[in-house]
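Here the structure is laid out as structure tokens; the discussion comes afterwards.
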Amino acid sequence: MKPITVFRGDGIGPEITDAVLTILNEVKAPFTYEIFEVGEKEYHSHGALIPPQAFASFEKTKLLLKAPITTPIGCGFRSLNVLLREKYNLFANIRPAKSTPAIKTPFSHVDIITFRENTEDLYIGVEYNMDADTIHAIKKITKKACLRIINAAYQYAQKHQRKKITCVHKANILKKSDGLFLECFNTIAKEYPHIQSDTKIIDNLCMQLVMKPDEFDILVMPNLYGDIVSDLTSGLIGGLGLLPSMNIGDDYALFEAVHGSAPDIAGKHIANPTALLLSACLLLDHTNHNDIAEQIRTAIQHVLKNTTIRTPDIGGTATTEEYTQAIIRALAHN
């Protein structure tokens with residue numbers, strides 16, 4: 001049994017975490033769980049957004065299933081997501097967006113994976129006052145980080161028989177920073193002649209994504225563009241409630257839903273656990289339990305296709321618990 005660190009988060013985090021752990025236990029996932037409370041509520045109760053024991057657990061297990069966390073608004077608090085990515089050098093944020101036939105959208109064949117560089121760009125959070133009326137924010141792009149994320153995208157494409165990688169940039173304006181990213185892409189692309197490679201300027205990509213998303217396969221890009229584009233791809237498949245993600249480094253791996261903590265619906269038992277559950281499937285894949293991951297994915301598709309049991313964000317009236325039990329029943333019939 002492999003130990004996994006779990007952050008229950010806050011807002012809807014505890015509700016969807018409990019749902020996901022119930023399903024993982026139902027399929028007898030070979031994990032044990034070290035579970036921690038984190039976020040704004042934990043800060044107000046004990047003075048730390050993430051307690052030291054939670055960090056220590058992740059540093060031991062090297063695998064983290066993380067629910068959404070609320071970062072308190074105010075001076076001195078950076079995003080906890082950014083903090084974790086930087087602290088554990090989780091340089092690749094991988095967000096697969098795949099259509100679910102039962103969810104009606106304008107496009108039925110979306111299958112796009114966004115590779116987002118995760119450690120630099122504007123997300124380093126360096127800003128300063130040039131004068132009383134002017135703020136300067138630093139965009140940091142390094143050759144090391146560019147090569148690392150682009151290599152990761154090509155290695156993934158080769159392993160999973162993906163056919164095309166598109167580099168997303170704004171090098172026509174940001175000639176040095178995005179120009180470096182584009183230069184690194186063109187260099188690495190030559191090492192993979194069997195994979196189709198092309199480039200798109202970010203604004204053109206966004207237009208084309210909402211017109212003909214089936215023309216795209218893997219997208220690789222700097223941090224800020226990746227954050228925006230992956231939310232766009234979630235809209236193509238039905239919303240953030242269906243979009244999983246994984247954050248991968250050399251030593252650590254973190255799996256999380258892309259959506260936020262949604263405090264406005266916390267405690268109402270209507271939160272959709274699908275994105276976190278699909279993130280748990282990525283964790284299962286990562287630990288070589290692909291068969292269990294596929295059982296869960298098949299059960300999700302069965303529920304969405306063959307029943308009316310859906311949470312409100314995807315057109316239903318079911319509670320989180322009713323939806324969870326429907327997936328468990330589907331697992332029993334797989």
Side-chain angles (χ1 to χ4, degrees), residues 62-63 85 88-99 109-121 141-169 171 178 180-200 202 205 208-209 212-223 225-227 229-230 232-234 236-237 243-256 258 278-294 296-297:
K62 298 185 174 7
L63 295 168
R85 292 166 189 165
Y88 297 105
N89 198 23
L90 302 169
F91 64 86
N93 185 203
I94 304 166
R95 298 181 172 186
K98 189 170 184 178
S99 296
H109 300 291
V110 175
D111 186 3
I112 299 171
I113 303 176
T114 301
F115 272 72
R116 167 192 177 192
E117 200 290 316
N118 221 12
T119 63
E120 49 184 36
D121 200 351
I141 301 289
T142 67
K143 186 174 184 178
K144 177 182 177 180
C146 295
L147 293 172
R148 193 167 55 177
I149 188 64
I150 295 164
N151 267 313
Y154 273 98
Q155 289 165 9
Y156 183 97
Q158 184 161 272
K159 179 179 179 181
H160 296 277
Q161 292 82 52
R162 308 289 292 209
K163 296 180 179 179
K164 179 181 176 183
I165 298 183
T166 301
C167 173
V168 182
H169 64 91
D178 281 26
L180 176 59
F181 194 91
L182 180 58
E183 177 187 331
C184 291
F185 178 81
N186 288 331
T187 298
I188 294 173
K190 294 175 183 176
E191 301 173 11
Y192 295 86
H194 56 291
I195 297 174
Q196 183 182 351
S197 302
D198 70 351
T199 67
K200 288 283 185 292
I202 177 65
L205 173 85
Q208 293 197 35
L209 277 174
K212 42 189 176 181
D214 55 326
E215 293 190 2
F216 297 95
D217 188 354
I218 290 179
L219 310 173
V220 62
M221 65 199 77
N223 204 336
Y225 309 148
D227 197 2
V229 166
S230 59
L232 191 161
T233 63
S234 80
L236 297 175
I237 64 169
L243 190 72
S245 77
M246 53 184 172
N247 300 268
I248 306 296
D250 292 329
D251 300 310
Y252 298 92
L254 184 161
F255 303 83
E256 62 181 344
V258 171
L278 289 171
S279 300
C281 289
L282 295 176
L283 168 58
L284 286 160
D285 291 335
H286 183 76
T287 53
N288 298 315
H289 299 293
N290 311 70
D291 54 337
I292 300 177
E294 284 308 307
I296 296 173
R297 293 183 181 112

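Everything numeric here is computed off the predicted structure, so don't read it as measured data.
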Exercise. Looking only at heavy atoms, which two atoms of Ala171 and Leu182 are closest? And how far apart?
Worked result: CB-CD2, 4.0 Å
For this session: Identify, with sequence neighbours excluded, every residue that meets ring pair (Phe, Tyr, Trp, His ring centres under 6.0 Å) alongside Phe216.
Result: none
Problem set entry | Distance-minimising heavy-atom pair for Phe91 and Ile149 | O-CD1, 3.9 Å
Problem set entry | side chain to side chain contact (heavy atoms under 4.5 Å, CB included) between Cys184 and Lys143, worked out | CA-CA 7 Å; Cys184 291; Lys143 186 174 184 178; 3.9 Å; yes
Exercise. Crowded around Lys200 NZ? As in, over 12 foreign heavy atoms under 6.0 Å?
Worked result: yes
Exercise. Is the side chain of Ser245 donor-acceptor paired with the backbone N or O of Glu256 at a distance under 3.5 Å, no angle test?
Worked result: yes
Exercise. At what distance, to the nearest 0.5 angstrom, does CG of Asp111 lie from NZ of Lys98?
Worked result: 5.0 Å
For this session: Identify the two heavy atoms, one from Pro213 and one from Ile112, that lie closest to each other, and give their separation to 0.1 Å.
Result: O-CD1, 3.6 Å
For this session: Compare every heavy atom of Arg85 with every heavy atom of Asn247, then report the nearest pair and how far apart it is.
Result: OD1-NE, 3.4 Å
Exercise. Does the pair Asp227/Arg116 count as a salt bridge with the N-to-O cut at 4.0 Å?
Worked result: yes
Exercise. Is the shortest side-chain N to carboxylate O distance from Glu120 to Lys144 below 4.0 Å?
Worked result: no
Problem set entry | Spacing of NE2 belonging to His286 relative to CG belonging to Leu254, to within rounding of 0.5 Å | 11.0 Å
Exercise. Looking at Asp217 and Arg162, does any basic side-chain N land under 4.0 Å from a carboxylate oxygen?
Worked result: yes
Problem set entry | Ring centers of Phe185, His169 separated by less than 6.0 Å | no
Problem set entry | Atom pair CG (Asn118) and CG (Asn89), whose distance is rounded to the nearest 0.5 Å | 9.5 Å
Exercise. Considering residues, nucleotides and ligands other than His109, do more than 12 of their heavy atoms fall under 6.0 Å from its NE2?
Worked result: no
For this session: Working to the nearest 0.5 Å, report the span between CG of Leu282 and OG1 of Thr287.
Result: 10.5 Å
Exercise. Roughly how far, to the nearest 0.5 Å, is the CD1 atom of Ile237 from the CG atom of Leu232?
Worked result: 11.5 Å
Seminar exercise, completed: In this structure, CG of Leu219 is separated from CD1 of Ile113 (nearest 0.5 Å) by 9.5 Å
